[in-house]
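Please read the structure below before turning to the comments.
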Amino acid sequence: LANENTKLLVQGITGKEGAFHTKQMLSYGTRIVAGVTPSKGGQEDANGIPIFNTIEDAKKITGANKSVVFVPPAFAADACMECIDAGLDLIICITEGIPIMDMIPVKDALEHSHTRMIGPNCPGIITPGVVKIGIMPGFIHKPNGNVGVISRSGTLTYEAVHQLSCEGIGQTTCVGIGGDPIIGTTFTDLLSLFKEDPETEGVVLIGEIGGTSEEEAAEWMQENNFPKHVVAFIAGQTAPPGRRMGHAGAIISGGKGTAADKMQYLRSAGIKVCDSPAEIGSTMKTLLNESITA
């Protein structure tokens, strides 16, 4: 998704969140070539990064190929559409609170383009020691690893990564896909990428109540003979039915989408499911060690 050749632009670079995380991403080593804030073209930010009025201008002059979105919810969908229209490879949409109806045309546009989107309402992606796009804390990640992480929960992404690092397990790429009902990239999309990645030997999958994405991931892994170790955890085991729990996508309805149902479905597909998030790192270490001694 991203590497040392990434040329990143930051949408909303002059806002509080955009400015703060631009500095953090630069410190990690991410190559940021441009910022975009309408009406502020021709200026530079505090880091000397040129600011443009449009994505098209930024791409033409700097060669930017990926974008991270720190734009307020009311304007974030339009910001994503601008990236698609400009033909960027990847959009990482951090913004939360985007109206669902705003995301429907974005989803449709993505399906008719070559652009991939991660998010919205996500912490972003990180390939440890190489590139960080978004708001993940870089210092907890361990480079040169063999385990990928895919998560609907931002906070639990950090918890899983920290546990893996403490167990001495580095990560290949960590992706927060977002917790909204309409997102750009699903578990199955990323599992297909990890399947083809020779450096990834295991994947941590962190799901949540609501929706059917975890069940679809389990079916996909069975049908495609996913060859990697998988450790899963489902957040929201004590959530009452019908109540929204944090994310717009985390709603149990119609007797479906409960943590217990998802956990059982994953287990029936042969996936190792943790009852507690505290078991994620140690469980993956056990699986990796078993494959070494087998």
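- Here the side chain of N3 pairs a donor or acceptor atom with the backbone of N5 at under 3.5 angstrom.
- Nearest approach of I169 to N146, heavy atoms of both residues: CG2-OD1, 3.8 Å.
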Begin with the C-alpha distance, continue with both residues' side-chain angles, and end with the deciding distance and a verdict on side chain to side chain contact (heavy atoms under 4.5 Å, CB included) for D189 and R116.
-> CA-CA 10 Å; D189 293 331; R116 179 187 295 277; 3.9 Å; yes

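- Side-chain contact check for L287 versus V231: some heavy-atom pair is nearer than 4.5 Å.
- Residues L288 and V204 are members of one and the same hydrophobic cluster, defined by side-chain heavy-atom contacts under 4.5 angstrom among Ile, Leu, Val, Met, Phe, Trp and Tyr.
- Residues Q163 and E159 have side chains that bring a donor and an acceptor to within less than 3.5 angstrom of each other.
- Closest approach of T6 to K66, counting heavy atoms only: OG1-CE, 3.3 Å.
- By the neighbour-count criterion of 12 heavy atoms within 6.0 Å, atom CD of Q237 is densely surrounded, having more than that number from other residues, nucleotides or ligands.
- No hydrogens or angles considered: nothing links the side chains of T283 and E279 as a donor-acceptor pair under 3.5 Å.
- Within the 4.5 Å cutoff, side-chain heavy atoms of E214 are placed close to those of R152.
- V71 and V10 fall into different hydrophobic clusters, where Ile, Leu, Val, Met, Phe, Trp and Tyr residues are linked whenever their side-chain heavy atoms come under 4.5 Å apart, directly or through other members.
- R267 and D275 are joined by a salt bridge, as a carboxylate oxygen and a charged side-chain nitrogen come within less than 4.0 angstrom of each other.
- Under the 4.5 Å side-chain heavy-atom criterion for grouping Ile, Leu, Val, Met, Phe, Trp and Tyr, I177 is connected to I280 within one hydrophobic cluster.
- Separating the OG1 atom in T22 from the CD atom in E17 is a distance of 10.5 Å, to the nearest 0.5 Å.
- For Q171 and S165, the side-chain atoms include at least one donor-acceptor pair closer than 3.5 Å.
- Crowding of K107 atom NZ: a count of heavy atoms from other residues, nucleotides or ligands under 6.0 Å exceeding 12.
- Between I206 atom CD1 and C174 atom SG the span is 9.5 Å, to the nearest 0.5 Å.
- Contact between A235 and L156 at its shortest, heavy atoms only, is CB-CD1, 3.6 Å.
- Residues satisfying the side chain to side chain donor-acceptor pair (under 3.5 Å) criterion with S67, sequence neighbours excluded, are Q11.
- Pairing each heavy atom of A86 with each of K59, the nearest pair is O-NZ, 2.6 Å.
- Between the side chain of K142 and the main chain of P128, no donor-acceptor pair closer than 3.5 Å is present.
- For T258 (side chain) and D261 (main-chain N/O), a donor-acceptor pair under 3.5 Å exists by modelled atom type.
- The closest donor-acceptor contact from the side chain of D102 to the backbone of I98 lies at 3.5 Å or more, if one exists at all.
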Residue pair E4, V131: steps toward the side chain to side chain contact (heavy atoms under 4.5 Å, CB included) verdict | CA-CA 6 Å; E4 62 276 1; V131 62; over 6 Å; no

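- Here NE2 of H21 is found 12.5 Å from OG of S27. Values are rounded to the nearest 0.5 Å.
- Side chain to side chain, T188 and T186 meet the donor-acceptor criterion of an N or O pair below 3.5 Å.
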Step-by-step side chain to side chain contact (heavy atoms under 4.5 Å, CB included) determination, V273 to F233 | CA-CA 6 Å; V273 180; F233 174 74; over 6 Å; no

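- Between the K285 side chain and the L164 main chain, no donor and acceptor come within less than 3.5 Å of each other.
- Taking CG of L205 as the reference point, atom CZ of F187 lies at 4.5 Å (rounded to 0.5 Å).
- When the shell of 6.0 Å around CG of N144 is examined, it contains 12 or fewer heavy atoms from other residues, nucleotides or ligands.
- Using a 4.5 Å heavy-atom cutoff, the side chains of I104 and I182 are in contact.
- Heavy-atom minimum distance, P123 versus Y158: CB-OH, 3.4 Å.
- With respect to K228 and E201, no salt bridge is recorded, no charged nitrogen being found less than 4.0 Å from a carboxylate O.
- With respect to V33, the side chain to side chain contact (heavy atoms under 4.5 Å, CB included) criterion is satisfied by exactly one of I49, N65, T62, I61: T62.
- Under a hydrophobic-cluster definition in which Ile, Leu, Val, Met, Phe, Trp and Tyr are linked whenever side-chain heavy atoms come within less than 4.5 Å, directly or via other members, M136 and L26 are assigned to the same cluster.
- Here the rule is side-chain hydrogen bond (donor to acceptor under 3.5 Å, both in side chains) with T37, and of D45, N53, T14 only T14 fits it.
- Interatomic distance, I133 CD1 to L8 CG, rounded to the nearest 0.5 Å: 5.0 Å.
- Under the 4.0 Å criterion applied to side-chain N and carboxylate O atoms, E208 and K262 are not assigned as salt-bridge partners.
- Counting heavy atoms from C-beta outward, N121 and T95 have side chains that stay 4.5 Å or more apart.
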Side chain to side chain contact (heavy atoms under 4.5 Å, CB included) evaluation trace for L1 with L190 = CA-CA 10 Å; L1 294 176; L190 292 170; 3.9 Å; yes

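- The shortest side-chain heavy-atom distance between F226 and L191 falls under the 4.5 Å cut-off.
- Between I271 and A232, the shortest heavy-atom contact is CG2-CB, 4.0 Å.
- In this structure, the side chains of I150 and F194 come closer than 4.5 Å at one or more pairs of heavy atoms.
- Under the 4.5 Å side-chain heavy-atom criterion for grouping Ile, Leu, Val, Met, Phe, Trp and Tyr, I13 is not connected to I91 through any hydrophobic cluster.
- For the pair T115 (side chain) and L88 (backbone), a donor-acceptor distance under 3.5 Å is present.
- With a 4.5 Å cut-off on side-chain heavy atoms, V130 and P143 do not count as touching.
- Proximity of a side-chain donor or acceptor of S276 to a complementary backbone N or O of A278 within less than 3.5 Å is detected.
- One finds the CZ atom of F139 at 10.0 Å from the NZ atom of K132 (value rounded to the nearest 0.5 Å).
- Side chains of I183 and I118 form no contact here, defined as non-hydrogen atoms less than 4.5 Å apart.
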